[in-house]
Protein chains: 2
Amino acid sequence: MIRISKKVEYALMALKFISDSDHKLVTAREISDKSNIPYDLLSKILQKLKNENILISNQGMNGGYSLNKRTDEIPLFNLMTAIDGDTSIAECLQDNSVKDCCLTDTCTIKLPVTRLQKELEDLFKSKTISDFV
Amino acid sequence: MIRISKKVEYALMALKFISDSDHKLVTAREISDKSNIPYDLLSKILQKLKNENILISNQGMNGGYSLNKRTDEIPLFNLMTAIDGDTSIAECLQDNSVKDCCLTDTCTIKLPVTRLQKELEDLFKSKTISDFV
DNA sequence: TTGAATTTGGACTAATATAGTCCTATATAT
DNA sequence: ATATATAGGACTATATTAGTCCAAATTCAA
Ligand code: SF4
Ligand code: SF4
């Protein structure tokens, strides 16, 4: 299964929600309630989006989140890396190559796998959040 | 992480191995030894490929596997479904929709996610094993 | 200045999926 | 007969993903 993680799906829904209520601050609680997304989990996700400068956050009473960029300026790829940390299709292609696949020496498909990775990356980079709102 | 499963990687290596030793029967043991792939696991994978008519198997002494199709006639997509059973990027897009995402009623991104799924599928269908050998 | 609403973030547990193992049956060439 | 193969069910181990819990910091406003 080549799954988009639930977290990324939640992020997409949240961004759509925020985008739809334009310019008003939106709270995590509000999104959680309206979209049936677990509150604590959603909070973490929104925080990550804030750390990637996709969202702006305002703490305290009457606080909440708002978009920091136009939706068409946020590639799906960035969202995915922001949330899941890595988008490599194979162990040996991980950014932080701490882990190295034990077959790395005898592997006969590294090159074509790398090419495939590139193509998938290009696809995810070509999509933006505006395609989901 | 959008990972190609290790099983699919093993399948690709095995198919390359079989393709390289053209027309001679190749045993699971041989591939396992030469490629450092766990024997039992590889056996299961080859069996699945046989059940999908990608390989032909010969039981008994001097038995082994051979290709049933040219490598450019085997889409990567078919390999993935044969081995991992499903390639849907979201729960609600599974073939056997026994499981249904609990958000299915309130979900706001089903349509674009379906479109993305289609594009990924097309990419995996356009690749064939010949791209990996 | 107190309190409620909010984000922040670490640490943890639970659920699921992937990877790998073990064992037995069946087929076949010699 | 027997050694060498594939066939396949049932199981265990590991890794990843999903979800929870708790305490802190920030801000507004009564
Ligand atoms: S099997 Fe090959 S392509 Fe896959 S992770 Fe290991 S080295 Fe990389
Ligand atoms: S969240 Fe939406 S797109 Fe994702 S699985 Fe559930 S219904 Fe499908």
Side-chain angles (χ1 to χ4, degrees), chain A residues 1-11 13-14 18 24-33 36-52 55-66 68 80 83-91 94 98-99 101-103, chain B residues 1-11 13-14 18 24-33 36-52 55-66 68 80 83-91 94 98-99 101-103:
Chain A
M1 277 175 284
I2 301 287
R3 278 278 159 91
I4 300 294
S5 75
K6 271 274 186 296
K7 289 179 190 175
V8 167
E9 291 193 320
Y10 292 159
M13 286 189 232
I18 296 171
K24 274 212 335 274
L25 285 185
V26 184
T27 67
R29 178 63 63 188
E30 202 178 342
I31 303 173
S32 163
D33 286 347
N36 294 310
I37 300 170
Y39 172 74
D40 288 305
L41 189 51
L42 179 63
S43 296
K44 294 281 160 58
I45 291 166
L46 296 176
Q47 283 163 37
K48 281 186 178 170
L49 296 183
K50 179 249 172 182
N51 288 333
E52 294 292 319
L55 293 178
I56 292 173
S57 72
N58 295 82
Q59 273 190 308
M61 210 170 184
N62 303 330
Y65 294 93
S66 58
N68 193 28
M80 289 166 61
I83 290 171
D84 293 334
D86 182 46
T87 48
S88 61
I89 60 170
E91 205 176 340
Q94 275 183 152
V98 189
K99 296 181 75 173
C101 171
C102 60
L103 297 183
Chain B
M1 276 175 286
I2 302 288
R3 278 279 159 92
I4 299 295
S5 75
K6 272 274 188 294
K7 289 180 191 176
V8 167
E9 292 193 319
Y10 293 159
M13 286 189 234
I18 296 170
K24 274 212 335 276
L25 285 186
V26 185
T27 67
R29 178 64 63 187
E30 203 178 343
I31 303 173
S32 164
D33 286 347
N36 293 310
I37 299 171
Y39 172 75
D40 287 306
L41 188 51
L42 180 63
S43 296
K44 294 280 161 59
I45 292 165
L46 296 176
Q47 282 163 38
K48 280 184 179 170
L49 296 184
K50 180 251 171 178
N51 288 334
E52 293 293 318
L55 292 178
I56 293 172
S57 73
N58 295 81
Q59 275 190 306
M61 210 173 182
N62 302 333
Y65 294 94
S66 57
N68 193 28
M80 289 167 60
I83 291 170
D84 293 335
D86 182 46
T87 48
S88 60
I89 61 170
E91 204 176 340
Q94 275 183 152
V98 188
K99 297 182 74 174
C101 171
C102 59
L103 297 184

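In what follows, chains are A, B, ... by sequence order, proteins preceding strands, each numbered from 1. Reckoned from all heavy atoms, side chains included, excluding hydrogens, waters and symmetry mates. The structure presented is a predicted model; accordingly, all values stated were derived computationally and were not measured.
The backbone N or O of B/Pro38 lies less than 3.5 Å from no partner atom in the side chain of B/Ser32, so there is not a single donor-acceptor pair. Not one N or O on the side chain of A/Arg3 forms a donor-acceptor pair closer than 3.5 Å with the backbone of B/Ile2.
Screening A/Leu49, A/Val26, A/Leu25 for a side chain to side chain contact (heavy atoms under 4.5 Å, CB included) with A/Ile18, the sole residue that qualifies is A/Val26.
For D/dG19, the OP1/OP2 oxygens have a side-chain nitrogen or oxygen of A/Tyr10 closer than 4.0 Å. Within the structure, every side-chain polar atom (N or O) of A/Ser43 is placed at least 4.0 Å from both OP1 and OP2 of C/dG9.
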For nucleotides 20-25 of chain D, list the nitrogen or oxygen atoms of the protein found under 3.5 Å from its nitrogen or oxygen atoms, one pair per line.
{"unit_1": "D/dT20", "atom_1": "O4", "unit_2": "A/Lys44", "atom_2": "NZ", "d": "3.3"}

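Atom CZ of A/Arg29 is separated from atom P of C/dT8 by 15 Å (rounded to the nearest Å). Taking atom CZ of B/Arg3 as the reference point, atom C1' of C/dT18 lies 12 Å away to the nearest angstrom. Atom CD1 of A/Ile2 is separated from atom P of C/dA17 by 14 Å (rounded to the nearest Å). In this structure, A/Ile83 places its CD1 atom 18 Å from P of D/dT16, rounding to the nearest Å. Straight-line distance from the CD1 atom of B/Ile4 to the C1' atom of C/dT18: 14 Å, rounded to whole Å. In this structure, B/Leu42 places its CG atom 15 Å from P of D/dG8, rounding to the nearest Å. C/dT8 atom P lies 12 Å from atom CD1 of A/Ile56, rounded to whole Å. As rounded to whole Å, 16 Å separates atom C1' of C/dT18 from atom CD1 of B/Ile37.
Scanning for side-chain contact (heavy atoms from CB on, under 4.5 Å) contacts around B/Asp33 gives B/Arg29, with sequence neighbours left out. Here B/Lys6 pairs with A/Glu91, B/Glu9 under the salt bridge (Lys or Arg N to Asp or Glu O under 4.0 Å) rule; sequence neighbours left out. With sequence neighbours excluded, no residue satisfies side-chain contact (heavy atoms from CB on, under 4.5 Å) with B/Gln59. B/Ser5 is linked by a side chain to side chain donor-acceptor pair (under 3.5 Å) to B/Asp84, counting only residues two or more places apart in sequence or in another chain.
A heavy atom lying under 4.0 Å from DNA chain D marks none of the residues of residues 45-52 of chain A.
Across the interface with DNA chain D, nearest-nucleotide mapping of A/Lys7 and A/Asn62 shows A/Lys7 to be the residue nearer the 5′ end.
Taking CG of B/Asn51 as the reference point, atom CG of B/Leu46 lies at 11.0 Å (rounded to 0.5 Å).
Here the closest non-hydrogen pair linking B/Leu42 and B/Ala14 is CD1-CB, 4.1 Å.
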